[in-house]
Protein chains: 2
Amino acid sequence: MSNTNVLPLLEPAPGETAAPCCPPLTERPFTAEEAETAARMFKALGDPVRLRLFSAVASHEGGEACVCDISDVGVSQPTVSHHLKKLKEAGLLTSERRGTWVYYRVEPSVLAAMGKLLTIGPAAV
Amino acid sequence: MSNTNVLPLLEPAPGETAAPCCPPLTERPFTAEEAETAARMFKALGDPVRLRLFSAVASHEGGEACVCDISDVGVSQPTVSHHLKKLKEAGLLTSERRGTWVYYRVEPSVLAAMGKLLTIGPAAV
DNA sequence: CACCTGCTTCGATGAACGTCAACATAGACA
DNA sequence: TGTCTATGTTGACGTTCATCGAAGCAGGTG
């Protein structure tokens, strides 16, 4: 159980930016299902500690980092582990054990999908 | 108290896309303060009902909508009002009363700032 | 004035969340 | 084998949150 397989919303889409879960927020009203799906991602980033952890991983060299490199966010180590698990469950991170350390890695397609969500569509303004 | 004045993080920045609260997530690890600020926005969108309301407003003609147009999201009307207030406090919406109805409107600069946050910077991958 | 409609605020309740201390597990090394 | 270090898991506690019904406020209409 080293790698996550719970990407809940977007297929890997090998080619490019993957099929996002939902259209841009400004295109049309979200259905209940779309909202449920997208809210899960936003909620995962809705905690300051998780945001710092995610940013630390995303900005780390190679797009991955071991827990020891990023666990200096002012909370106890179990709490860090708990938040990393949450990010993993939300499909934003994947993890892999290499020897002593566990490395976390960002899922670029998810970033792209969320960015597309926030695109200002033709209907706005 | 018709218009929000609590845009917590980004100055209106009359010129263009406003100064976003934080750099792209992938540029460098967020500081505690940046994370606190950005997490407030993500948390506001981290609820399915709020996401539907926000999307309904954002996609409505003219970028604004009265409560009566968007309150069909499966929860009671006071709950709708509560969520709209949350979105307003997060700086994502503004409201204005015109006669009988209250109109909510999206804050485009915030959308742009969040989109920029999710940009994939040079450090990633 | 009275009445109705649209929306917000108030108070309460149950669920979800963040946090920690303690324990468990996995690998490295002697 | 034993021990040490690095992580993940469990259980509990206090806080925050989403939701509702009821009451309150504002504006329009008779």
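Residue numbering restarts at 1 for every chain, and letters A, B, ... go by the order of the sequence lines.
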Practice problem: Answer yes or no: is there a donor N or O on one side and an acceptor on the other, between the side chain of A:Ser71 and the main chain of A:Gln77, under 3.5 Å? | Solution: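 Judged by distance alone, no pair lies under 3.5 Å.
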Quiz item: Judged by atom type as modelled, is there a donor-acceptor pair below 3.5 Å linking the side chain of A:Thr37 to the main-chain atoms of A:Glu33?
Solution: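 Pair found, side chain donor or acceptor close to backbone of A:Glu33.
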Looking at every strand, decide which applies to [X] at a 4.0 Å heavy-atom threshold: base, sugar-phosphate, or nothing.
X        : value
B:Thr100 : sugar-phosphate
B:Val80  : nothing
B:Tyr104 : sugar-phosphate
B:His82  : base

Could you tell me how far apart [X] ([atom1]) and [N] ([atom2]) are, to the nearest whole angstrom?
X       : N      : atom1 : atom2 : result
A:Glu36 : D:dA18 : CD    : P     : 13 Å
A:Lys85 : C:dA24 : NZ    : C1'   : 14 Å
B:Ile70 : C:dC7  : CD1   : C1'   : 12 Å
A:Arg98 : D:dG8  : CZ    : C1'   : 18 Å
A:Lys88 : D:dT7  : NZ    : P     : 13 Å
A:Leu84 : C:dT19 : CG    : P     : 12 Å
B:Gln77 : C:dT8  : CD    : P     : 7 Å
A:Leu53 : C:dT19 : CG    : P     : 10 Å

Looking at [X], I'd like to know whether one of its side-chain N or O atoms comes within less than 4.0 Å of OP1 or OP2 on [N].
X       : N      : result
B:Arg97 : C:dT8  : no
A:Arg50 : C:dC17 : no
A:Thr79 : C:dC20 : yes
B:Lys86 : D:dA18 : yes

Quiz item: Between D:dG8, D:dT19, C:dC20, which nucleotide gets closest to the side-chain atoms of A:Ser76?
Solution: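 That would be C:dC20.
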Quiz item: Considering only D:dT7, D:dT19, C:dT19, which nucleotide approaches the side chain of A:Val67 most closely?
Solution: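 Closest nucleotide among those given: D:dT7.
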Self-check item: Residue met sooner reading DNA chain C from 5', once A:Lys43 and A:Gly99 are mapped to nucleotides
Solution: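 Its nearest nucleotide lies further toward 5', so the answer is A:Lys43.
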Practice problem: Nearest-nucleotide wise, let me know which of A:Gly46 and A:Pro78 is further upstream toward the 5' end of DNA chain C. | Solution: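 Counting from the 5' end, the first nearest nucleotide belongs to A:Gly46.
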Quiz prompt | Criterion side chain to side chain contact (heavy atoms under 4.5 Å, CB included) on A:Ser76 and A:Thr79, from CA distance to verdict | solution = CA-CA 5 Å; A:Ser76 71; A:Thr79 302; 3.0 Å; yes
Quiz item: When hydrophobic residues are tied together by side-chain contacts of less than 4.5 Å, even through go-betweens, does B:Val67 share a cluster with B:Leu53?
Solution: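 Per the 4.5 Å side-chain linkage, B:Val67 and B:Leu53 are co-clustered.
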Exercise. State, yes or no, whether a side-chain contact exists between B:Glu64 and B:Arg98 at a heavy-atom distance under 4.5 Å.
Key: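 With C-beta onward as the side chain, the pair touches.
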